[in-house]
Amino acid sequence: MLPLVSTDARLRLSPSSVNDYNNCPQLYKYRSIDRLPQPPSLDAERGTLVHTVLHDLFESLPSERTATTALDLLPSRWLAQIQAKPELAELVSNEKEWLDRASSLLATYFTLEHPETFEATHREMHLENDFEENVYLHGYVDRLDIAPSGEVRIVDYKTGKSPKPGWEEKALFQLRVYALLYWKTYGVLPRLLKLIYLGDGKVVNSNPTLNELDSAEKILKRTAQDIFVSIAKDYWPPKPSRLCDWCFFKTICPAHTD
Ligand code: SF4
């Protein structure tokens with residue numbers, strides 16, 4: 001019998017778990033099979049803080065969705081984050097520097113979008129699908145806007161820098177999976193996929209096609225089959241790369257300890 005990968009014994013896939021497996025099966029095993037705990041990372045926590053502020057910004061009236069409002073939200077959202085995860089207080093040694101960096105990322109956001117001019121129809125939208133008999137596919141979309149014309153735009157905020165030329169396709173995989181989930185659920189092909197990189201103030205836009213969604217679906221199916229083979233054989237080859245320098249599991253990984 002296959003080990004449980006989700007509580008209902010189906011393989012639980014998301015764009016990030018698919019990326020984990022394709023980047024390094026051993027990393028996927030640590031995270032998704034063994035579910036080893038990982039300490040909070042500064043980059044991830046800063047991303048959470050900025051995402052929370054951008055999420056809550058759309059609670060305001062359109063005319064109040066300004067950079068000043070976003071910066072005013074920052075201290076209270078940070079306080080709530082520390083209260084939920086007290087270990088963050090120790091991790092962030094210089095709070096002023098930390099909040100300054102988050103403020104700078106938020107200021108960059110307002111050079112890329114004008115949130116007073118549109119409504120965010122959904123924020124943190126959960127999309128899911130019984131992808132195959134034994135595979136459940138899901139993901140959380142940062143923002144999904146439906147224009148009065150019915151056109152759908154899927155938006156994802158990144159607090160890092162934009163990909164180097166030639167790497168945009170890899171970055172777009174996550175949004176194509178969301179577009180596929182939306183298409184399967186609502187029968188509507190999103191008009192635009194938009195990746196907003198606050199780290200360097202760049203935007204990657206893409207108009208998805210059914211062919212691209214089909215390719216994303218093939219990658220998902222192939223990866224699911226590969227994961228089932230790995231589970232059956234308990235075979236999780238490490239795949240050393242530049243990722244190892246940021247991998248929390250490096251000290252226990254066979255690629256670095258044998
Ligand atoms: S250290 Fe490198 S090879 Fe090992 S699990 Fe992490 S990413 Fe994979």
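Counting convention: from 1, in listed order, for ligands and their atoms alike. In what follows, residues are counted from 1 in the order of the sequence shown.
Annotation: Phe118 is in aromatic contact with Phe58 [ring centroid separation under 6.0 Å].
In this structure, a donor-acceptor pair under 3.5 Å is present between the side chains of Asp142 and His51.
For ligand 1, the atoms lying closer than 4.0 Å to a non-hydrogen atom of Pro238 are 3 (S). For ligand 1, the atoms sitting less than 4.0 Å from at least one non-hydrogen atom of Lys239 are 3 (S), numbered in the order shown with element in parentheses.
If you check which protein heavy atom lies closest to atom 6 (Fe) of ligand 1, you get Cys247 SG, 2.4 Å. At the shortest separation from atom 2 (Fe) of ligand 1 among protein heavy atoms lies Cys244 SG, 2.3 Å. The protein heavy atom nearest to atom 4 (Fe) of ligand 1 is Cys253 SG, 2.3 Å.
Under 4.0 angstrom from ligand 1, the non-hydrogen atoms of His256 all belong to its side chain.
Residue contacts to atom 8 (Fe) of ligand 1: Cys24 brings an N, O or S atom closer than 2.8 Å.
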May I have the step-by-step check of side chain to side chain donor-acceptor pair (under 3.5 Å) for Ser32 and Asp20, ending in yes or no? CA-CA 9 Å; Ser32 297; Asp20 275 355; 5.0 Å; no

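Taking the six-membered ring for Trp and thresholds of 30 and 60 degrees, Tyr21 and Trp236 have ring planes more than 60 degrees apart, a perpendicular arrangement.
When atom types are taken as modelled, the side chain of Glu212 and the backbone of Thr209 share a donor-acceptor pair closer than 3.5 angstrom.
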